[in-house]
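Working notes, beginning with the structure itself.
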Amino acid sequence: MTPLPPGVGAVQAPSVPLGAGAEERRGWPATEREALAEQARLRPLAVLDAEGPARPRTLAGLDVAYAGTGGPEDRVAGAVVVLDAATLDVIEEATAIGPARFPYIPGLFAFREVPVLLAALAKLTAPPDLLLCDGHGLAHPRRFGLACHLGVLTGLPTAGVAKTRLIGTHAEPGPERGDHADLVDEADGAVLGRVLRTQRGVKPVYLSVGHRVGLDDLTRHVLAAAPRYRLPETTRRADRLCRDALDADTRNADTRNADTEARA
DNA sequence: GCGACAG
DNA sequence: ATCTTGTCGC
């Protein structure tokens, strides 16, 4: 099974203690309908009405890079970078590589990225105070995006920081850094998240709650983590790291093939 | 039926 | 996400 990281699993009990075992017995979802069923099973376990964390000591950025073009057999590299929330200095990094276990389907994004991200998280020596995922949390067709999924499986506070919209409508945020607008579900008027301008004159980013976090606190932390660029340092560092990990893995594979070729 | 559609 | 050259701007 996928052992949760020393800190990630031990310090904070996962919200779904039997989940890992169940998945092991039943296998990772292989079809869209199975994935939808799994989402429905985990959805009620997400804590969406929390506040905080008020003063996280660390912020973690998570991201993945792919080798293929979206198929179920692509190689996937995941990375997690833990930063000091106050200085944004890197405290710890971890990566993991594996085959994609699911095709890319909008709304079922987590089934493609979660395995490798959990593997990377398991390598950390301590649980981060807040996980910032590349994608959405609540701002999802069934209110259970990647951030929610990762939050439920790890028990850690999580949130989504996406570069583009998946669902919801919103007014154009003001032009200044910090200006924001609600991301709303037209159907019922529910606030799904927040569209935040992190720098003057750049496209806004989409924030949404994942698990055990508040939107106001999240907004503060993301703004603090993005002192210079559009994307927070958590996302930028993780993006760089997983890409490097994928490239390194590709070079190793090429080298092995070349050796085999030479020996033949 | 016609778009929209995280990464 | 990934495939890709040059190009406009600080």
Side-chain angles (χ1 to χ4, degrees), chain A residues 29 32 35-36 38-39 42-43 46 61-81 95-118 120 131-152 158-170 177 183-187 192-196 198-211 218 222 227-232 234-250:
Chain A
E32 187 166 345
L36 288 170
E38 179 67 350
Q39 267 186 352
L42 300 177
R43 184 173 49 201
L62 297 85
D63 194 12
V64 302
Y66 303 105
T69 51
E73 73 300 330
D74 297 345
R75 261 183 317 128
V76 183
V80 53
V81 178
T95 63
I97 294 181
R101 298 189 191 177
F102 207 81
Y104 170 65
I105 299 175
L108 295 178
F109 189 38
F111 296 94
R112 195 168 167 70
E113 302 202 345
V114 161
V116 73
L117 288 178
L118 282 181
L131 267 40
L132 298 179
C133 312
D134 65 311
H136 296 94
L138 223 203
H140 175 278
R142 292 170 294 283
R143 304 288 189 279
F144 198 72
L146 171 67
C148 300
H149 203 128
L150 221 39
V152 168
T158 62
V161 180
K163 295 180 286 297
T164 62
R165 186 196 72 92
L166 175 56
I167 61 165
T169 60
H170 64 85
R177 166 181 160 81
L183 179 62
V184 180
D185 183 333
E186 289 293 277
L192 302 173
R194 183 170 290 175
V195 186
L196 173 70
T198 54
Q199 298 294 329
R200 181 178 180 175
V202 303
K203 292 192 308 181
V205 296
Y206 295 75
L207 312 182
S208 61
V209 165
H211 182 58
L218 170 63
V222 169
R228 167 127 199 230
Y229 301 103
R230 178 199 176 212
L231 298 177
T234 41
T235 300
R236 303 184 74 244
R237 293 274 190 177
D239 180 81
R240 171 83 69 88
L241 185 58
C242 65
R243 198 165 317 186
D244 288 347
L246 185 63
D247 290 342
D249 183 68
T250 299

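In what follows, every heavy atom counts, from backbone to side chain, and hydrogens, waters and symmetry copies are set aside.
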Whole-Å distance separating the [atom1] atom of [X] from the [atom2] atom of [N]:
X: A/Q199; N: C/dC10; atom1: CD; atom2: P; result: 16 Å
X: A/D239; N: C/dT2; atom1: CG; atom2: C1'; result: 12 Å
X: A/R75; N: C/dT2; atom1: CZ; atom2: P; result: 11 Å
X: A/L183; N: B/dA6; atom1: CG; atom2: P; result: 13 Å
X: A/H140; N: B/dG7; atom1: NE2; atom2: P; result: 13 Å
X: A/F102; N: C/dA1; atom1: CZ; atom2: P; result: 20 Å
X: A/L192; N: B/dC5; atom1: CG; atom2: C1'; result: 15 Å
X: A/D63; N: C/dA1; atom1: CG; atom2: P; result: 7 Å

Would you classify [X] as touching base, sugar-phosphate or nothing, given that sugar-phosphate means primed atoms plus P, OP1 and OP2, and contacts are heavy atoms under 4.0 Å?
X: A/L146; result: base
X: A/A65; result: sugar-phosphate
X: A/L108; result: base
X: A/G160; result: nothing

Exercise. Should the pair A/R236 and A/Y229 be classed as cation-pi, given the thresholds of under 6.0 Å to the six-membered ring centre and 45° from the axis?
Worked result: yes
Exercise. Could A/R112 and A/Y66 be counted as a cation-pi pair, given that NZ or CZ must be under 6.0 Å from the ring centre and within 45° of the axis?
Worked result: yes
For this session: Choose from C/dA1, B/dA6, B/dC5 the nucleotide whose nearest atom is closest to any side-chain atom of A/R165.
Result: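 Looking only at side-chain atoms, A/R165 lies closest to B/dC5.
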For this session: Please determine, by modelled atom types, if A/E113 and A/Y104 share a side-chain donor-acceptor pair under 3.5 angstrom.
Result: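 No, because no side-chain N or O of A/E113 sits under 3.5 Å from a partner of the opposite role on A/Y104.
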Exercise. Between A/Q199 and A/R230, do the side chains contain an N or O donor and an N or O acceptor separated by less than 3.5 Å?
Worked result: no
Exercise. So, do A/F109 and B/dG7 meet the stacking rule of ring centres under 5.5 Å and planes under 30°?
Worked result: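 No, A/F109 does not stack on the base of B/dG7.
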It should be established whether [X] places a side-chain nitrogen or oxygen under 4.0 Å from OP1 or OP2 of nucleotide [N].
X: A/Y66; N: B/dG7; answer: no
X: A/T164; N: B/dG7; answer: yes
X: A/K163; N: B/dG7; answer: yes

For this session: Mind telling me whether A/F111 and A/F102 have parallel, tilted or perpendicular rings, with 30° and 60° as the class edges?
Result: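 Tilted: the ring planes of A/F102 and A/F111 meet at 30° to 60°.
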Exercise. Does A/T198 reach the main-chain N or O of A/L231 with its side chain, forming a donor-acceptor pair under 3.5 Å?
Worked result: no
Exercise. Which is it for A/L150 and A/L62 under the side-chain contact (heavy atoms from CB on, under 4.5 Å) test, yes or no, and what are the steps along the way?
Worked result: CA-CA 10 Å; A/L150 221 39; A/L62 297 85; 3.9 Å; yes
For this session: Fill in the dot-bracket string of DNA chain C, one character per base: . for unpaired, | for a pair to another strand, ( ) or [ ] for pairs within the strand, taking Watson-Crick or G-U pairs under 3.5 Å.
Result: ..........
